[in-house]
Structures are given as structure tokens and as C-alpha cells.
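Read the numbers this way: they start at 1 and go in the same order the structure lists the ligands and their atoms. Side chains are part of it too, since the values below use all heavy atoms of this structure and drop only hydrogens, waters and symmetry mates.
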Amino acid sequence: MTTSQVINPATEKVVATFESADVAATDAAIERAHRAAPGWRDMAPGDRARLLRRFAEAVDADLENLARLEVANAGHTIGNARWEAGNVRDVLHYSAGLPERLLGSQIPVAGGIDITFHEPLGVVGIIVPWNFPMPIAAWGFGPALAAGNTVVLKPAELTPLTALRLGELALAAGLPEHVFQVVSGRGSVVGQRFVTHPAVRKVVFTGSTEVGKQIMAGCAEQVKRVTLELGGKSANIVFADADLDKAAATAPYAVFDNAGQDCCARSRILVQRSVFDRFLELLEPAVRGVRVGDPADEATEMGPLISAAHRERVAGFLEPSTKVAFTGTRPEGPGFWFPPTVVLPAGPTDRVLTEEVFGPVVAVLPFTDEADAIRIANDSEYGLSGSIWTSDVGRALRVTRAVEAGNLSVNSHSSVRYWTPFGGFKQSGLGRELGPDAARAFTETKNVFIAT
Ligand code: TAP
């Protein structure tokens, strides 16, 4: 075991130190989860549901504490952090409705009866990034537990505090020991062991596309099941017939929320050429007005970046030749601050258009017509999210069908609801989380024929 420190990104002060698990500790947790799996699988579905509901209630009772932990650990604004803890509660309540509804089917055959079952996989390993430590973990563990699997969760080393608290709450709510464990440590140690340990039957990974590819390749060795939620470079497409005031007023929050550290960030704003200048005029005050500062302050809209190293990476996208249209503000003094920044890209190969910045930097560029907008939006290996702003319903439908992305919204920037499916096209991921089929992703379908 080695020791790691948790730093508050708004103050640069150490808020906690914790033991980082090694391979032996990870193996021990996986083996405990493996032993706990039959008991959890065989429990009456109604009893599993009841325990998940109690877990949800424990999260609700601890909501303010969880939110404050996330403010201190990840620099999230208190408003966002409360939403995130509430999302865990809601995912657990929704998941509590799934065990009794994992229905198989009866298929007509001659000479017998054919039925299907949805069997749990066993141990599921969940690897989570630092940008939304609570919700992303819950999107995996809620339905995985509902389907009768046991779970070992690895939070990011930078942000383990809320995950460790969720582990305590699960036990306090009465989940049997070792059904849900949290093991904090490095990805290359703990996460990698999920990939190689034969008792882990599925790996759920959220993080960078680069590491996601390694996980997928590693899992191929044992034909391990995998769900991947990876990066994004989502387009916010604004047509000339849109409500421009609303589109411009909301665009900053679609990319600068969580300081742009959001896989669904609409980091490319595509604006029809005839209204391009007008849109920029409206966007400027909206960006300058984003309140950046102390995340614990109720009025704050954007906090700091997660670390000094990440701030350096984000700053690296702004080269001396980069044309910055305008920026918002940022506080002076300690903290990994970076102002909301609007860039006019030099051309289609500009890095701010092709790579995920994962910070508060947005590129604004013009398009000519519908076909041009679709072409630019799809000119990316990512395909996670996006928005279309128009008053023409037919256009909204044509464009949403043509854009290659998993989660689109029209005249809105919403991406995530726990009762609708979420996931990416192309290199943004593999599989779907959330929604009515969430638990199915943690099962194998078994077909049984009974001769009569
Ligand atoms: P990564 O560096 O990929 O890390 C994500 C997680 O994987 C961390 O827990 C990390 O552990 C672990 N990890 C790193 N190397 C590993 C390895 N070789 N084997 C197993 N696990 C390993 O990503 P990040 O920088 O934390 O997160 C940002 C990325 O996540 C962005 O690209 C973003 O778009 C993506 N993201 C996607 C989504 C969805 S839903 N599509 C949501 C949020 C974020 P340690 O860091 O603790 O070492």
C-alpha cells in the first residue's frame, strides 16, 4: 500500500490522505465479491429491491454531506454537487424497480417449451474518472446490483472521497458485506487488475478514449464483457431560425458547466453564417457573466479545474496563434482556475476542433446550410452528445437523425436522465447505461428448451 493525498482544487490544500490499494488488496476485494455473489444472486428479487431502496434513502439522508465532500474534493459548485448526490439517490431508487422486472420470455416452439432467463454475470468491476465521481459510479453500480451482481468500484485517485462514503452508506443501509466494495488506488494497478482477474466478468469503464481502448483490448483476452463511456467533442448547432437569445444565453452552461470537464460538453458551437455575428454579440455578455469562483458559494456557476497538471494541459490548447474572441473571468490566488474562453478556430484541423479539451474552452464556427452543419458535426471520431437549435420541427428531426451521436437535445442542452439510455457512437463508447434496459447490460441471456 502507498499513501495518496486528496487536494482541494479551489484552495490547493490537502483535505485527506488515504491508502492506495495494491494488487494484493485488489485481489482480496475481488475474491470477497466473488464469494458474496451467490448469496446476492439468490436473494428474493423483492429483498434486493428493498435493500437498494434503503441504500437510496441513506444517500438522501447524507446528501448535504456528500455534496460538501465533492465541493472539497472535486471543486464542484455546491449546486451541482447536490444534483450529483441526488442523482445517485434517484439512480438507486430507479434500480430498486428493476430486480422484479428482469423478465425473460417464452418463445413458441414445437415439441416443448422454450424460455429465456437473464442471469447475473458475477463480479463487476467499475472504473470511474474524476469529473463526476458520484453519478458515473452509480450509473454502473445501481443496475449491476439490481441484476444480482456484486460490485468492486474504483474511483479516480484524485477524487475518492464520495465513493468511499457511498461504500459506508451501502453497509449502513444493510447491503450484505462485500456485495458493494470500494477500492481506491491507481488505475494502472487496481483498474488493470479488474481487466486481468478472471473472477471479474464485466468491466465498466468511464474515462479517456485512449485508456478505454487499452481496457477493451485487455478484456478481449478473457472475452470479458465491457461497457465504455469515453470522450466527446459535441456540437451545439444553432440555425438562423432559432430563438437566438435563448441559444446564446444557454450556450455557456452547455460547455462551461463543471469547468468544461464534462464528456457531454458542447465544445463546438456551429452557427449559421447569416446570424454568426449576431450570435457572437449575444454570447459575449453571457460568457463574461459566468460567475467563476469559490465552489462552496451558492451563487458560483463555475469552479476550478481538477489539478495543476490538467490546467496546464488545457492551457496547451491556446497557442500564440490562437484567435481568442473573448474570455470570462477567474479569481486570483490559489486554486486551479481557468477562465471561460471562446475561440475562433483557424481551420477544420485546429486542435480545439478535433481534440477533447476537457476544460472551459469552446470553438465557435460558421456553417452555410443544413447539410454543411451535419457534415461539420459528424467530422469527429467522437459521437456522444449534441444540441440542435431551430424553430423548424422537420429540420430538428432531420438533423437529429443525421448527427452521429448517442444523446441529442433540441432547443435544450440536457443529456442525462436516469430513466433514458445514455452512451456514445463511434469512439465515444460502447454500450448504453441508464434507462429501462440498464440492468440487462449486467446479465447474460440464457435460453432453455424443455421437451414435453
Ligand atoms: P482516464 O485517465 O482515462 O482515467 C479514468 C479512470 O481510469 C481513472 O479511475 C483512472 O485511474 C483509470 N485508469 C487509468 N489508467 C488505467 C489503466 N491502464 N487501467 C485501468 N484503469 C485505468 O480519464 P480521466 O482523465 O480521469 O477522465 C477524463 C476522460 O473521461 C475524458 O476523456 C472524458 O470525456 C471521459 N469521460 C467520459 C464520460 C462518458 S459518460 N462518456 C464521462 C466522464 C468522463 P487513476 O486516475 O486513479 O489512476
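For the pair Asp27 and Arg193, the salt-bridge criterion is met [side-chain N within less than 4.0 Å of a carboxylate O]. We find that Glu355 and Lys233 are not joined by a salt bridge, their nearest charged nitrogen and carboxylate oxygen being 4.0 Å or further apart.
No hydrogens or angles considered: nothing links the side chains of Thr443 and Glu119 as a donor-acceptor pair under 3.5 Å. Residues Arg266 and Ser387 have side chains that bring a donor and an acceptor to within less than 3.5 angstrom of each other.
At least one donor-acceptor pair under 3.5 Å links the side chain of Asn378 to the backbone N or O of Ala402.
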What are the polar N/O contacts of ligand 1 with the protein below 3.5 Å, with distances?
unit_1: ligand 1; atom_1: 3 (O); unit_2: Ser208; atom_2: N; d: 2.9
unit_1: ligand 1; atom_1: 3 (O); unit_2: Ser208; atom_2: OG; d: 2.6
unit_1: ligand 1; atom_1: 9 (O); unit_2: Val128; atom_2: O; d: 2.7
unit_1: ligand 1; atom_1: 9 (O); unit_2: Lys154; atom_2: NZ; d: 3.2
unit_1: ligand 1; atom_1: 11 (O); unit_2: Lys154; atom_2: NZ; d: 3.1
unit_1: ligand 1; atom_1: 11 (O); unit_2: Gly187; atom_2: N; d: 3.4
unit_1: ligand 1; atom_1: 19 (N); unit_2: Gly187; atom_2: O; d: 3.3
unit_1: ligand 1; atom_1: 21 (N); unit_2: Gly187; atom_2: O; d: 3.4
unit_1: ligand 1; atom_1: 23 (O); unit_2: Ser208; atom_2: N; d: 3.3
unit_1: ligand 1; atom_1: 25 (O); unit_2: Trp130; atom_2: NE1; d: 3.4
unit_1: ligand 1; atom_1: 26 (O); unit_2: Trp130; atom_2: NE1; d: 3.1
unit_1: ligand 1; atom_1: 30 (O); unit_2: Gly207; atom_2: O; d: 3.2
unit_1: ligand 1; atom_1: 32 (O); unit_2: Glu356; atom_2: OE1; d: 2.6
unit_1: ligand 1; atom_1: 34 (O); unit_2: Glu356; atom_2: OE1; d: 3.1
unit_1: ligand 1; atom_1: 34 (O); unit_2: Glu356; atom_2: OE2; d: 2.7
unit_1: ligand 1; atom_1: 41 (N); unit_2: Leu230; atom_2: N; d: 3.1
unit_1: ligand 1; atom_1: 41 (N); unit_2: Leu230; atom_2: O; d: 2.7
unit_1: ligand 1; atom_1: 47 (O); unit_2: Lys154; atom_2: NZ; d: 2.9
unit_1: ligand 1; atom_1: 47 (O); unit_2: Glu157; atom_2: N; d: 2.7
unit_1: ligand 1; atom_1: 48 (O); unit_2: Gly187; atom_2: N; d: 2.9

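Between His310 and Phe358, the angle of the ring planes goes over 60°, which puts this pair in the perpendicular group of the 30/60° scheme.
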